[in-house]
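Structure, as structure tokens:
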Amino acid sequence: FSPATGANGFDKSVAALAFANGSLYVGGEFNRYRGGWANGLAKLGVTGVQDAGFTAKESTNGRVYSVAVSRSDPAVYFGGIFNAFKKWDAHRIGKVDSRTGVLDLEFNPQPGAIGRTNGANNDVMAIAIDPTHSKIYIGGRFNRYRGAMAAPILRLNADGSIDPSFAPTLAGEVRAIAIAPDGSQVFAGGVLSAVNGRNVGHLATFDSAGVLDSAFHPEGTAGIGPDLSSVDAIALDGDRILVGGSFTSYRGGATPYWI
């Protein structure tokens, strides 16, 4: 795997990676890869060669922060700070065919006529898929979605509409999401000062209805710190939670950037 041959790989930063079925899906701020076009979203083979049939010059018109690949259908979800994909409306979130890169218009964050601008109103920084229930979780800096007020973490249906049965109350922004394999727990991290009125130390877990897990107390005596820190990545390994971000302490002990 050698992405840096030719014109030295990507020309700008990479923010998200997702691997599935022998392909690597890459999101970021880049415009070119190995000298060819790759605006924000690219698909690479196992040797680092770009799939030219997936990527086009007119991909996203802004940065992609998050990428998630479905295991139940040939689909890639991507989020960021853009409002178009291949000249179609795609306000901060979109879904494409993982084989062809064609935008799936049945997944519609901005319902109504083409040109409506009521998807997410700010960055979508995290996407996770619940394969058990065919739901999509998104998190970010937004506070409106489809024109309505919204928490910075949402659960979406297959058509891009909000699933109202998941309804936590958050203050802050969500930068990372992980879903338990059976869909029973949702882990969220970011710059979170409070969830449902309780200090959570930038990391929280919910049940499938959006109810905060009162038995999970990452804040302890000090939580993740210092105060201006953030949780930017979450991974699950069995019954363990791996967390990365800009923090340097956890519950008063030194934990530089990951625990």
Side-chain angles (χ1 to χ4, degrees), residues 16-25 27 65-79 93-98 104 106-107 109 120 124-140 145 150-170 172-190 192 195-196 198 200-220 223-224 231-245 250 258-259:
L17 299 171
F19 185 80
N21 302 319
S23 296
L24 181 65
Y25 298 88
Y65 286 121
S66 51
V67 178
V69 183
S70 173
R71 296 183 181 181
S72 60
D73 61 345
V76 176
Y77 296 87
F78 58 100
I93 184 172
K95 174 188 178 184
V96 297
D97 189 301
S98 61
D104 183 350
E106 292 185 3
F107 178 79
V124 172
M125 306 183 72
I127 298 178
I129 300 170
D130 176 3
T132 305
H133 304 98
S134 299
K135 302 289 186 178
I136 305 97
Y137 290 84
I138 65 171
Y145 183 82
I153 183 171
L154 297 173
R155 184 166 65 197
L156 306 182
N157 298 310
D159 63 355
S161 61
I162 295 176
D163 178 355
S165 65
F166 180 82
T169 301
L170 281 74
E173 63 185 50
V174 173
R175 298 185 179 183
I177 302 172
I179 310 298
D182 62 358
S184 63
Q185 286 182 293
V186 181
F187 298 86
L192 303 176
V195 176
N196 295 349
R198 195 192 87 188
V200 294
H202 305 308
L203 180 64
T205 181
F206 309 92
D207 67 14
S208 59
V211 177
L212 187 67
D213 183 351
S214 60
F216 183 74
H217 289 280
E219 70 276 14
I224 289 173
V231 170
D232 301 318
I234 302 173
L236 304 182
D237 179 19
D239 59 356
R240 298 186 300 174
I241 308 163
L242 309 178
V243 180
Y250 179 70
W258 74 286
I259 49 176

Within the side chain of [X], is there an N or O that forms a donor-acceptor pair under 3.5 Å with the backbone of [Y]?
X: Y65; Y: R175; result: no
X: S134; Y: N157; result: no
X: R155; Y: G210; result: no

Calculate, to the nearest 0.5 Å, the distance between atoms [atom1] and [atom2] belonging to [X] and [Y] respectively.
X: Y25; Y: F78; atom1: OH; atom2: CZ; answer: 13.0 Å
X: D97; Y: K95; atom1: CG; atom2: NZ; answer: 9.0 Å
X: L156; Y: Y145; atom1: CG; atom2: OH; answer: 4.5 Å
X: M125; Y: I138; atom1: CE; atom2: CD1; answer: 13.0 Å
X: L17; Y: L24; atom1: CG; atom2: CG; answer: 5.5 Å
X: I259; Y: L242; atom1: CD1; atom2: CG; answer: 9.0 Å

## Note on the structure
Applying side chain to side chain contact (heavy atoms under 4.5 Å, CB included) to A188 and not counting sequence neighbours gives I153, V174, F206

### Task
Please report the closest heavy-atom contact between R198 and D213, naming both atoms and the distance.
NH1-O, 3.9 Å

## Note on the structure
Nearest heavy-atom contact between A128 and I179 is CB-CG1, 3.7 Å

### Task
Would you mind reporting whether T205 and I241 have side-chain heavy atoms less than 4.5 Å apart?
no

#### Entry: More than 12 heavy atoms of other groups within 6.0 Å of D237 CG
yes

### Task
Can you run down the salt bridge (Lys or Arg N to Asp or Glu O under 4.0 Å) pairs that involve residues 179-189, sequence neighbours left out, and say none if there aren't any?
none

### salt bridge (charged side-chain N to carboxylate O under 4.0 Å, His left out) involving D207 - partner list, sequence neighbours excluded
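Result, salt bridge (charged side-chain N to carboxylate O under 4.0 Å, His left out) vs D207: none returned.
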
